[in-house]
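The structure under discussion appears below in the form of structure tokens.
As a basis for the values below, the full set of heavy atoms in this structure was taken, side chains included, without hydrogen atoms, waters or symmetry mates. Every chain is numbered from 1, with letters handed out A, B, ... down the list of sequences.
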Number of protein chains: 2
Amino acid sequence: MKTDFNEKQIQILLIAEKLFAENGFEGTSIRTIAKEADINIAMVSYYFGSKEKLLEALIVYRTSDLKIQMENLSVENLDPIEKIDKLIELYINRIRCNKGIYRILHFEFSSEEMEEKMKILNDVRDRNLKSIETIIHEGQAKGIFRKDVNIPLISPTIMGTFFHFSMNKAYFKKLLKLDTDEAFENYIQTTFKTHIQQTIKALLIYES
Amino acid sequence: MKTDFNEKQIQILLIAEKLFAENGFEGTSIRTIAKEADINIAMVSYYFGSKEKLLEALIVYRTSDLKIQMENLSVENLDPIEKIDKLIELYINRIRCNKGIYRILHFEFSSEEMEEKMKILNDVRDRNLKSIETIIHEGQAKGIFRKDVNIPLISPTIMGTFFHFSMNKAYFKKLLKLDTDEAFENYIQTTFKTHIQQTIKALLIYES
DNA sequence: TACAAAATTAAACAACCGTTTAATTTAAAC
DNA sequence: GTTTAAATTAAACGGTTGTTTAATTTTGTA
């Protein structure tokens, strides 16, 4: 699998990432990409072969450095509750900083057929699950967390809530009176982050 | 707003719902809809005006009875905790039974451009929020729920978790050893439903 | 039965799609 | 400086898109 791209190719990939994230794969034409990237329309086919192979190249380009970003939180010297807080902050910041590719993955690779093909994603997901498991088991051993938590469903709760919130951005901006995009971004990093942290902590600690 | 459709229109709406859910809005052509529904391609424009208005009509058609179910719940004679449980069950069953339209909403209305156009959806969201507000305020008045809950973020937590879980179906089927689609569906209605109920209740009740 | 409204049709419309071609320019190697 | 390969271009290709037209059929009503 090719993982190295020249300057021109990266230029195209970055523009494509932006446009795919904004308008979807089908909603973005090669002509739009070419115009935005200030290149001839034939260059996409010339460099990547086809529009679909451009998307494939983009996934490869982005997931290769996503792997490296993986950090090991579980060895830090913090109590389990602080670790949960930090884990959620990590989650949110990572998605925030790679909004484009996460959006694309979320949309274009949500069909079962596509999901099967992208085994690369499973590695990332498995590692995330392992990290969460380690932290929660530690908290359970210390008697802080309840024993009957459904650990595999923690990650969907965090990520799902985040995606759903930011995917209905226009609605929530109006509802929460967040006039600018900056205000929305700020809300995510403060109030919204706290909401998820509270939610997960409450789920882990609360005895019914 | 028009809410009544004749037989032919409903026939078109149902086919469109299926195709939009399968291939997306942009990925579905009027010609495909016409062929599948066994009508002339001009009939869509004739009955609905345009492709976009067809989508609008579909949303109106599918969300018109949701309103009643939600409002009935808030007046039922149950304590707030039971109402939350019922609300979440309602949410999940509602999405399960109307998978097609919810998939469309989830995917097509995530672009800001689309979201701006379709004001219809805002009414539905506002009504849902109102229902949740009523229930939570009742619980707060009775001293059962905490006062500092971020109510607008409850719905994204429920729906987001559900969507993210079912959108990564293939991964979770393997992870949770759910061999068949029926096993997956059953998992949603039992274990997964309980997880969300516990999560929301914990968030509403737990004092940190 | 006659007439008007509604429904349905095939055809054409202009615009856009992804891709390919063949000619031209640029860059590198000898 | 010449040769060769890579990069870039405008133009054209065949197809599909959503929508409109104008003619025809069906339907309901008086």
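Remark: B/S29 is in phosphate contact with D/dT17, judged by side-chain N or O atoms under 4.0 Å from OP1 or OP2. At the phosphate of C/dT8, neither OP1 nor OP2 sits under 4.0 Å from any side-chain N or O atom of B/Y46. Using a 4.0 Å cut-off, some side-chain N or O of B/K8 falls inside it from OP1 or OP2 of C/dT8.
Sorted by residue number, the members of residues 30-39 of chain B with any non-hydrogen atom under 4.0 Å from DNA chain D read B/I30, B/R31.
Tested against B/F192, the residues B/F184, B/F172, B/Y91, B/F165 include a single ring-ring contact (aromatic ring centres under 6.0 Å, His included) partner, B/F165.
For A/K51, counting side-chain heavy atoms from C-beta on, the closest listed nucleotide (D/dT8, D/dA10, C/dT19) is C/dT19. You'll find that the side chain of B/I41 is closest to D/dT19, out of D/dT19, D/dT20, C/dT19. Closest approach to the A/Y47 side chain among D/dT9, C/dA7, D/dA7 is made by D/dA7 (side chain taken as heavy atoms from C-beta onward). The side chain of B/S45 approaches D/dT20 more closely than any other nucleotide in the set D/dT8, D/dT20, C/dA6.
Closest approach of A/I158 and A/I88 over heavy atoms only: CD1-CG1, 3.8 Å. A/E138 and A/K83 make their closest contact through OE1-NZ, 2.9 Å (heavy atoms, listed as atom of the first residue, atom of the second, distance).
Geometrically, B/K51 engages B/F25 in a cation-pi contact defined by less than 6.0 Å to the ring centre and at most 45° from the axis. Geometrically, A/K201 does not engage B/Y206 in a cation-pi contact defined by less than 6.0 Å to the ring centre and at most 45° from the axis.
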